[in-house]
Amino acid sequence: MTNPSPEKPISENPTNPMRTGTTSEQRRSVLRTLLGFGISASAAGLLGACASSSSSRPVSRVGEPLGYDPNVAPVAKTPVITTKYRPLPHSSLSGASLSSAAIDRREWARFGPNPRLADRMGRITRITIHHDGINAFTSTDTGDAARRLEQIRRAHVARGWADIGYHFAVDPAGRVWEGRPLDLQGAHVGGHNPGNLGIVVMGNYEIQRPTRASVQSLEALVRERMAYYDVDPRRVRTHREYKPTACPGRHLQREIDVSRAPGGAIATA
C-alpha cells in the first residue's frame, strides 16, 4: 500500500516498547522478527499500513481462552478449515447470525488477542472498508486465504498491537472471515477506531480489480451490519475518506462509490 504510516505509527500504549520514539535498533529488531515469519521486507512495510493501534486497557473475550503468551513467539501453522461458509442472512438478524455468517477466527488464527493492548469496542456507529494492500491476491482456495490472514495478524502483532486490526475479512471467493473479536476496538483508522467496525478485502486494489463474489459479499456484510447496529449509511466509509491513503485502492473505491450511489446496494440517505 502506498499510504503513509498511521496517525500513531506503532502504538498508543505508553508502556509498549515499540511506541513513537523507538530506536533504529528496535525497528531493525522488529523487521528481523517479520522476516523470521517469512514476510518479505517490502510486504513488512505494507502489512498493517492501513491500521492504527487502539489504546491499552485489559479486555478479554467472554467464554473463550485467549491462548496468548507474550513470551513465546508464534509458530507457523497450516490452518485446517472445517467451517463451511454460509451466505450472510438478510433477515431475522440476531447476535447468532454474526458467528454463523463468517468463518470462525479459530479456524485460521494461531493465537487470540492480547487483552492488555485493546479497549472495549462500545456501541458500533460506523463501518470502514479497507484492502490489505500487500500484493495482488486472486486465489479462491480456503487455505490460501487463511494463511494470508495469519500473515496479516502476525505483522500487526509485531507492531505491538493486540491482534489483527480488522473485525471481518472478505476473500476473492466471497467468503467472510471473523477477525478481531467484536467486543474489542479495532486498529484500522488512526484516531477514528472507537465504535468503528473494520472490514478488509484481501488483495491490493490499486493493482487488481475485485471479484464480483467479493464485492457482493462485502455489500451483503455491510448491509447486514448496518441493519444490526443501526448504522447510518452516511457513516459507511473507506479508509481514504478519513486519511491521506490509497486504501482501499482505486478499483475497490470505485465499486464502493457505485454501491453508495442512489439505488446502490448500500446507498446513502
Side-chain angles (χ1 to χ4, degrees), residues 1-3 42-43 46-51 79 81-90 97-98 100-105 107-109 127-153 155 164-180 188 197-227 233 236-241 245-261 263-268:
M1 195 185 316
T2 58
N3 60 298
S42 60
L46 293 171
L47 283 169
C50 281
I81 306 301
T82 58
T83 305
K84 292 184 178 179
Y85 172 70
R86 283 176 280 179
L88 288 161
H90 298 285
S97 71
L98 188 65
S100 66
I103 296 175
D104 192 298
R105 68 164 284 137
E107 298 292 336
W108 64 266
I127 298 170
T128 302
I129 300 166
H130 305 259
H131 70 173
D132 66 40
I134 307 169
N135 52 24
F137 182 65
T138 59
S139 175
T140 57
D141 180 76
T142 307
D144 287 345
R147 284 183 284 274
R148 190 174 181 97
L149 278 176
E150 175 64 1
Q151 181 187 25
I152 295 168
R153 186 196 67 80
I164 190 169
Y166 315 106
H167 297 98
F168 287 103
V170 179
D171 70 21
R175 288 178 292 257
V176 176
W177 301 73
E178 280 187 337
R180 180 177 292 223
H188 54 100
L197 183 75
I199 302 173
V200 64
V201 182
M202 296 183 213
N204 186 327
Y205 296 101
E206 278 291 294
I207 60 176
Q208 70 179 109
R209 295 180 184 276
T211 65
R212 179 46 40 191
S214 64
V215 171
Q216 289 176 340
S217 285
L218 174 65
E219 290 173 339
L221 175 61
V222 170
R223 284 197 308 269
E224 193 250 358
R225 293 297 92 194
M226 284 170 57
V236 176
R237 301 178 185 176
T238 64
H239 192 179
R240 66 167 61 180
E241 290 165 357
T245 171
C247 181
R250 57 198 173 100
H251 297 302
L252 183 55
Q253 180 72 43
R254 189 175 301 121
E255 294 285 352
I256 294 165
D257 289 342
V258 169
S259 297
R260 295 184 303 190
I266 50 176
T268 57

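When the side chain to side chain donor-acceptor pair (under 3.5 Å) test is applied to Asp141, no partner is found at least two apart in sequence or on another chain. Every residue meeting the side chain to side chain donor-acceptor pair (under 3.5 Å) condition with Arg254, not counting sequence neighbours, appears here in chain and number order: His251.
For the residue pair Thr211 and Pro172, the shortest heavy atom distance occurs at OG1-O, 2.7 Å. Of all heavy-atom pairs spanning Met202 and Phe137, the tightest one is CB-CD2, 3.8 Å. Taking all atoms of both residues into account, the shortest heavy-atom contact from Tyr205 to Pro248 is CB-O, 3.4 Å. Looking at every heavy atom in both residues, Ala136 comes nearest to Asn204 through N-CB, 4.1 Å. Of all the heavy atoms in Arg180 and His167, the pair that sits closest is O-CD2, 3.4 Å. Residues Gln253 and Thr238 come closest through the heavy atom pair OE1-OG1, 2.8 Å.
Atoms CZ and CD1, on Arg250 and Ile207 in that order, are 9.5 Å from each other to the nearest 0.5 Å. The CD1 atom of Ile129 sits 8.5 Å away from the CD atom of Glu241 when rounded to the nearest 0.5 Å. Note that CD1 of Ile127 and CG of Leu221 are 7.5 Å apart. Values are rounded to the nearest 0.5 Å. Atom-to-atom distance recorded for Ile164:CD1 and Asp132:CG is 9.0 Å, nearest 0.5 angstrom.
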Just do the salt bridge (Lys or Arg N to Asp or Glu O under 4.0 Å) check on Glu150 and Arg147 with the steps written out, would you?
CA-CA 5 Å; Glu150 175 64 1; Arg147 284 183 284 274; over 6 Å; no
Does Asn135 form a side-chain contact (heavy atoms from CB on, under 4.5 Å) with Arg148? I'd like the steps, not just the answer.
CA-CA 11 Å; Asn135 52 24; Arg148 190 174 181 97; 3.0 Å; yes
One pair to check against side-chain contact (heavy atoms from CB on, under 4.5 Å): Glu255 and Leu218. What are the steps and the verdict?
CA-CA 10 Å; Glu255 294 285 352; Leu218 174 65; over 6 Å; no
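Residue Ser217 is tested with Val222, Val170, Val201 for a side chain to side chain contact (heavy atoms under 4.5 Å, CB included); the sole match is Val170.
Using a 4.5 Å heavy-atom cutoff, the side chains of Asp144 and Asp171 are not in contact. No side-chain heavy atom of His131 sits under 4.5 Å from any side-chain heavy atom of Gln208. At a threshold of 4.5 Å between non-hydrogen side-chain atoms, the residues Thr142 and Trp177 count as touching. For the pair His130 and Leu252, the minimum side-chain heavy-atom distance is 4.5 Å or more. Counting heavy atoms from C-beta outward, Ile134 and Gln151 have side chains that approach closer than 4.5 Å. Arg209 places none of its side-chain heavy atoms less than 4.5 Å from the side chain of Val215.
Listed for the Arg237 side chain is no donor-acceptor partner under 3.5 Å among the backbone atoms of Thr128. No side-chain donor-acceptor contact under 3.5 Å links His239 to the backbone of Cys247. For the pair Trp108 (side chain) and Gly179 (backbone), a donor-acceptor distance under 3.5 Å is absent. Within the 3.5 Å criterion, the main-chain N or O of Ile266 finds no donor-acceptor partner in the side chain of Arg260.
Arg240 CZ: more than 12 foreign heavy atoms inside a 6.0 Å radius.
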